[in-house]
Amino acid sequence: MILRLSGPFDLDATLCCGQVFRWERRDDWWLGVVGDDVLRVRQEGDVLEFSGVDEVFIKHYFSLDHDIIKIAEEIGKDGYIKAALRAYWGLRLVRQPPWECLVSFICATYKSVAAICQMLQKLSAKFGEGLSFEGYEYYAFPSADRLAAASLAELESCGLGYRASYVLETAIMVSNGRHDLVSIGRLPYEQAKRALLDFPGVGLKVADCVLLFSLEKTEAFPVDVWVKRILQRYYIDHFDADFARKLATQRGLSDSSYARLNAFGRAYFGAYAGYAQEYLYHYERCFANRKLEKGNRAYAKAKMS
DNA sequence: ATTTGCCCTGGTGT
DNA sequence: AACACCAGGGCAA
């Protein structure tokens with residue numbers, strides 16, 4: 001099927017920016033499993049070609065209803081974010097199934113993206129329902145019920161390490177029906193965040209990722225080591241000297257420091273702070289780090305405000 | 001209220 | 001080839 005895009009969209013950036021882990025490239029197609037559907041997509045200019053699902057699904061999953069131009073005007077507060085917007089223009093948030101998203105980011109702690117992909121792949125192959133699509137075998141992401149019935153050893157065999165018990169306990173909580181992700185998603189941002197913190201393995205950062213990537217809280221602003229670095233490099237003037245020194249010296253990121261950086265992101269970028277976070281994050285990881293030398297980075301900073 | 005050490009394991013670079 | 005090194009945090013002491 002063919003869909004002519006009416007707004008900016010960059011499929012590659014959208015799938016590579018660290019929000020999803022179960023898409024793979026085969027030739028010039030992207031293949032993914034979403035819920036119980038296997039689908040493939042490719043983009044050529046303003047034409048999106050796809051199969052496996054209908055147009056309504058594609059528009060919803062890739063957030064094609066979001067007005068990127070308006071969002072960019074709203075979050076484009078300075079030269080640095082504008083450069084990121086330019087570099088990956090058309091990057092969009094994906095509306096992921098909440099359960100898979102929750103497990104993904106519980107598994108993501110202290111792991112590289114490649115390792116996260118592998119853990120989720122093993123989990124799906126071991127516990128997920130088999131789905132065949134155009135001659136290949138795929139697996140749906142296992143339900144909470146299925147994972148709740150798994151043993152700790154089985155989960156560990158998927159490479160989860162100490163995350164196995166977090167996933168198991170979380171699966172049991174969801175499976176019991178006492179913690180419903182859809183209901184949590186209906187709460188306002190702060191309340192939904194508090195509710196997510198009940199799950200073992202879910203701290204402030206994981207909660208913000210789940211809120212942003214699957215519960216449609218576009219104001220969520222996850223702060224990981226990359227975002228912390230970005231804020232230190234380009235936005236440090238927005239914080240007092242004491243806090244700046246604290247950020248530079250403390251090893252990880254305490255809850256209070258997290259809360260401050262997170263609050264800044266939401267106050268500064270506004271209702272679509274999550275979009276700002278994704279553009280900044282992807283830009284810093286893929287573009288600024290490699291292609292820009294220190295001189296250019298200083299240049300980018302000089303262009304701010 | 002904050003800080004510190006530990007958690008498992010696979011990917012990546014040398 | 002084998003072997004450090006460490007990664008997109010959370011938790012408990």
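Just so it is clear, the structure is predicted and the values come from calculations on it, not from any experiment. Convention: sequence-line order gives letters A, B, ...; per-chain numbering from 1.
- C:dC11 sits 22 Å from B:dG10 when the C1' atoms are compared, rounded to a whole Å.
- Side chain of A:Gln250 to main chain of A:Arg245: no donor-acceptor pair is present (N/O by atom type, distance under 3.5 Å, no hydrogens or angles).
- Ring geometry for A:His179 versus A:Phe199: interplanar angle of 30 to 60°, hence tilted.
- At whole-Å resolution of the value, OH in A:Tyr258 and P in C:dC11 are 13 Å apart.
- If you measure from atom CD1 of A:Ile106 to atom P of C:dA7, you get 22 Å, rounded to the nearest angstrom.
- Looking at heavy-atom distances under 4.0 Å, A:Glu156 makes no contact with the nucleic acid at all.
- For C:dG9, the base has a donor-acceptor partner in the side chain of A:Tyr162 [N/O atoms by modelled type, under 3.5 angstrom].
- A donor-acceptor pair under 3.5 Å is absent between the side-chain atoms of A:Asp255 and the main chain of A:Tyr258, judged by distance alone.
- Under a 3.5 Å cut-off, the side chain of A:Tyr275 and the backbone N or O of A:Leu93 do form a donor-acceptor pair.
- Side-chain to base pairing of A:Arg251 with B:dG5: one donor and one acceptor N or O lie within less than 3.5 Å of each other.
- If you check every strand for non-hydrogen atoms under 4.0 Å, A:Val113 touches a base.
- Comparing A:Phe199 and A:Cys16, the nucleotide of DNA chain C nearest to each residue sits closer to the 5' end for A:Cys16.
- With hydrogens and angles ignored, no donor-acceptor pair closer than 3.5 Å exists between the side chain of A:Arg163 and the base of B:dC7.
- Set against B:dT2, C:dC11, B:dT12, the side chain of A:Tyr166 has C:dC11 as its closest nucleotide.
- Checking B:dT2, B:dT12, C:dG9 against the side-chain heavy atoms of A:Val206 singles out C:dG9 as nearest.
- For A:Tyr268 and A:Tyr235, the ring centers are positioned less than 6.0 Å apart.
- Comparing the same atom, P, in C:dC3 and in B:dC8 gives a spacing of 23 Å after rounding to whole Å.
- No engagement by A:Phe105 is indicated, since no non-hydrogen atom pair under 4.0 Å with the nucleic acid exists.
- Note that the CZ atom of A:Arg285 and the CH2 atom of A:Trp226 stand 5.5 Å from one another [nearest 0.5 Å].
- Between the P atom of C:dG9 and the CG atom of A:Leu196 lies a distance of 18 Å, rounded to the nearest Å.
- Set against B:dT12, B:dT3, C:dA7, the side chain of A:Ser112 has C:dA7 as its closest nucleotide.
- Protein atom CG of A:Leu204 is 15 Å distant from nucleotide atom P of B:dA1, rounded to whole Å.
- When the P atom of B:dT4 is taken as reference, atom NZ of A:Lys246 falls 11 Å away, rounded to whole Å.
- Within the 4.0 angstrom heavy-atom criterion, only backbone atoms of the sugar-phosphate kind lie near A:Gly201; the bases stay farther away.
- Within 4.0 Å of A:Pro200, counting heavy atoms only, lie sugar-phosphate atoms of the nucleic acid but no base atom.
- If you check B:dT12, C:dG9, B:dT9 against the side chain of A:Lys111, the one that comes closest is B:dT9.
- In this structure, A:Ile116 places its CD1 atom 18 Å from P of B:dC8, rounding to the nearest Å.
- No side-chain donor-acceptor contact under 3.5 Å links A:Arg266 to the backbone of A:Ala273.
- A:Tyr234 has its ring centre less than 6.0 Å from the ring centre of A:Tyr80.
- In this structure, CG of A:Asp255 is placed 12 Å from P of C:dA12, rounded to the nearest angstrom.
- Paired runs in DNA chain C that reach 3 or more consecutive Watson-Crick or G-U pairs, where each pair keeps both distances under 3.5 Å, cover B:3-7 with C:9-13, B:9-14 with C:2-7.
- Here B:dC7 presents its P atom at 12 Å from OH of A:Tyr110, a figure rounded to the nearest Å.
- You'll find that the side chain of A:Gln250 is closest to B:dT3, out of B:dT3, B:dT9, C:dG10.
- With ring centers used as reference points, A:Phe21 lies under 6.0 Å from A:Phe105.
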